Amino acid sequence: MRRSSVFASLFFFLSLPAYHSFAKEDQPIPSRADSFIAQAVEKSLHRSRPWRALLHYKPALNGSESLIDDLLFFMAPDGKSNPRGELEATIRGFFTTDLEGEDHPQCRFPARFHWLDRELSLKSAVPKAQCLKLEKALKDIDPSSVSMIFASAHINSPASMFGHPLLRIDSQKKSALLAQAVNYSAQTPEKRGVLFAFYGIFGYYNGLYSILPYYEKVAEYNDFDMRSLWEYQLDINAQESRMMIRHLWELTDKFSYYYFFDENCAYIVLFLLEAVRPSLDLTSGWNNYVIPVDTFRRVLDAGIVTGVTYRPSKMAKMMAIANSMSGKAIQTSRDIATGKSEPGESIQALENDDSRKRALDLAAELLQRRYAEKKIEKKDYQRTFLATLRQRGALGGDPPPISPITTPVRPDQGHLSGSFNLGYESNDGPKGNRVTFSMRPALHDIMDPQDGYVEGSQIEFFSLSFSFQPLESKLWFERADLVSIVSLTPVNNLFFPMSWRVNFGLNRREFANENVSEAFFLNAGGGYTAKVGNMGLVYGLLEADAQANHNFDKGYAIGPGISLGLILDPVPGWKTGIKARATRFVLGHDDTEYEVIFSQRYTAHRNMGIHLDLKGKRIGERDIKSALLKLVLFM
Amino acid sequence: MKKLIVSIVSFSAVLVFASGASAHNQGCGLGDQVFPGADTVLTQLFAITTNGTFANQTFGITSGTSGCVPPRSFVFNDDLTKYVASNMDNIAKDMAQGNGESLDTLAEMMDVPSNNRLMFNTALQSNFSSVFSHEGIEAGELIENIAFVAQNHHVI
């Protein structure tokens, strides 16, 4: 078990001194505390769901273990793995007279206190502690319900298709911006890089909850990152929402080791919902990994979602303005934002007030963007931004009509995260005809139905393929893609993003000398993508390819390549891909390899499709043609 | 052990997840809501979903107005100052356009009665230049200017 890892034990010893400081708490009013403890044990409260949910206990090899790793979260020395001992120590702690105010266990563990009081009527028996800070927080937030927020993909970053979940505690106030966002995240001195990934996987970082006004999160995700937000309103009442604040209070500054794959932001947020409504079962039955969108599906299945709201990204808002403007007007906005012209003069050339308003509105957006991207100094930004808005204010009147923003398909309504394929390949090369099967745990192939995902994006992890030759009764390993990412982000009249791809893994491939063998490969490329009307995308990428196998002249092959392609989905359910690729190996091996693929996918149901690949390739002097027909299932 | 193996196998793969990491440097005026530079393609490759967050922000609700000078004339309200300081750019935009969520939220926080909201918006739009009187304006002064216009138009 990882949690009995070196890190954990090391931390345990380091924490012992801090721990002793409140070990004295169990002394006062022993008899009264004892009678309540006896009652609690009599009622088996330590085995009850509310207790287990509040302490984040999960079944473990020898009983139970809490997923919270911070020993300050527990009252008993062995509280992390002893629900009953923890219950006894907690009740005893509530009776203490040694501590006062915010330090009193009643103030440090208000959710436990609230629940135990309901079960045992503790309040009349314990010394009364003043928890002023908590009372102020409860009063200020004035919670009414809870929403679960999904920050969807970052444009041009397929990795973010995994999304990021937040909880939002909604208040009686009308404006959603004034709600409180609850975020669970790793405390990371490094922001990225290899160490970051390493620490993230092995639980080296501490995960902590934070609570911030929702407007901060909207600014961060919607405006700065340009990700749209999906707000799932939950059927959680005011009482339960107050309980959530009490529980978050207990969790403040209490860390858990952050495990990238399972004990991540998505999974941990589910505990908060269980803690306020113990009858919910959201945290059990997960595999080795938790994909954020799947937690939303789980919550939907639990039947507690009452509505879903879409909050479009800043990019969607900007496109809505730009799409209703002429090319000349867009250029005016751009000139204002880049300081080439003054807002007052330049808009006079536009035909009417509505187009002037739109030009100024877009200019203000572009300025904010340029400033966020640090392309403009603060002084210049302030000056131009205010000059633009002064003109806009002076135009007054109603807002100009702009193109409506269409709401995309909800992320939870996309195809499921895992995929299993079964097919038959006819191949005139040395591999011959085979039955093929492949699987991948996550997340999206560019040919998969796009609903709920980002157009032109692909991210796959640990995709594995095998094949079986029925005549010879042979099973072959075909291919393993550790990572495969494609980001084909079309350029438009506001943004000019680069498209890129990267994948690496192991591939059983044909060689010029007729051999078939497994080669390591690493392939990366960059280029541009454009929209083909509303039909799909066309792209071109320059690539670099590196492979290793003893069948290459020197055991490896490195060289530049180019790929051109089309991805079209003119009719719902039908998606066509055409791709041509040439790779010129110049180091380690001397050959040019060509490949042409035509792919057709028919999606019968969001979680089922039929896929055809027709492929031709040239390796050395050899041409190989193959046709693959497969059934694609998402699960 | 199984998890460990899964972890090791997947380690190489994980260089790729995306990050929500960002570090605010909150001030009190326009352009003070500073975010880090946008991700380049290369940095995205090495981003991750642990969503690093700003340190010392747990239970940010209980923290104050990040040192902004509160308004003098308008009834002092910590949350209002903090809101305006954090959202000044969007408030400015909404105000010039005459509507928007940031402006509605401001009206709610300033207790503008709902049947006066339209008038509140119009008054601020037509007085934009005097409300955002100078480029270095900070939250406290802005609230005073807004309150002044709103009171002149009898909407609060």
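Keep in mind the model is a prediction, meaning the values are calculated, not measured. Only this structure's heavy atoms are used, side chains among them; waters, hydrogens and symmetry mates stay out. A note on names: the letters A, B, ... follow the listed sequences, proteins ahead of strands, and every chain is numbered from 1.
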Visitor: Considering only residues two or more places apart or on different chains, which pairs with a residue in residues 95-116 of chain B satisfy side chain to side chain donor-acceptor pair (under 3.5 Å)?
Guide: A:S175-B:T105, A:R311-B:E101, A:D361-B:Q97
Visitor: Inspect the surroundings of CZ in B:F148 and state if more than 12 heavy atoms from other residues, nucleotides or ligands are less than 6.0 Å away.
Guide: no
Visitor: Do other residues, nucleotides or ligands put more than 12 heavy atoms under 6.0 Å from the CD atom of A:Q172?
Guide: yes
Visitor: Checking heavy atoms, do the side chain of A:K173, its backbone, both or neither come under 4.5 Å from chain B?
Guide: both
Visitor: Within residues 121-129 of chain B, which positions have a heavy-atom distance to chain A below 4.5 Å?
Guide: B:Q125, B:F128, B:S129
Visitor: Where do A:Q368 and B:K93 land on the side-chain contact (heavy atoms from CB on, under 4.5 Å) test, with the steps shown first?
Guide: CA-CA 10 Å; A:Q368 283 190 301; B:K93 212 168 52 187; 2.6 Å; yes
Visitor: Mind checking the CG-CD1 spacing from A:L386 to B:I137? Nearest 0.5 Å is all I need.
Guide: 8.5 Å
Visitor: May I ask you to decide if B:L30's main-chain N or O and A:Q382's side chain share a donor-acceptor pair within less than 3.5 Å?
Guide: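 Yes, the answer is positive, given that a donor and an acceptor are paired below the 3.5 Å cut-off.
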Visitor: I need the B:N90 CG to A:Y215 OH distance, nearest 0.5 Å.
Guide: 12.5 Å
Visitor: What residues, two or more places apart in sequence or in another chain, satisfy salt bridge (charged side-chain N to carboxylate O under 4.0 Å, His left out) together with A:K314?
Guide: A:E365
Visitor: Sequence neighbours excluded, which residues qualify as ring-ring contact (aromatic ring centres under 6.0 Å, His included) partners of B:F120?
Guide: none
Visitor: Does A:D398, at its CG atom, have more than 12 non-hydrogen atoms belonging to other residues, nucleotides or ligands within less than 6.0 Å?
Guide: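 No, the 6.0 Å shell around CG holds no more than 12 heavy atoms from other groups.
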Visitor: Tell me the closest heavy-atom pair linking A:F385 and B:D89, and the distance in Å.
Guide: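 What the structure gives for the nearest pair is CZ-O, 3.5 Å.
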Visitor: Could you have a look at A:G397, A:A394, A:G505 and say which one has the most heavy-atom pairs with chain B under 4.5 angstrom?
Guide: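 Looking at each option in turn, the highest pair count goes to A:G397.
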Visitor: Within a reach of under 6.0 Å around CG of A:L132, are more than 12 heavy atoms found that belong to other residues, nucleotides or ligands?
Guide: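 Yes, the 6.0 Å shell around CG holds more than 12 heavy atoms from other groups.
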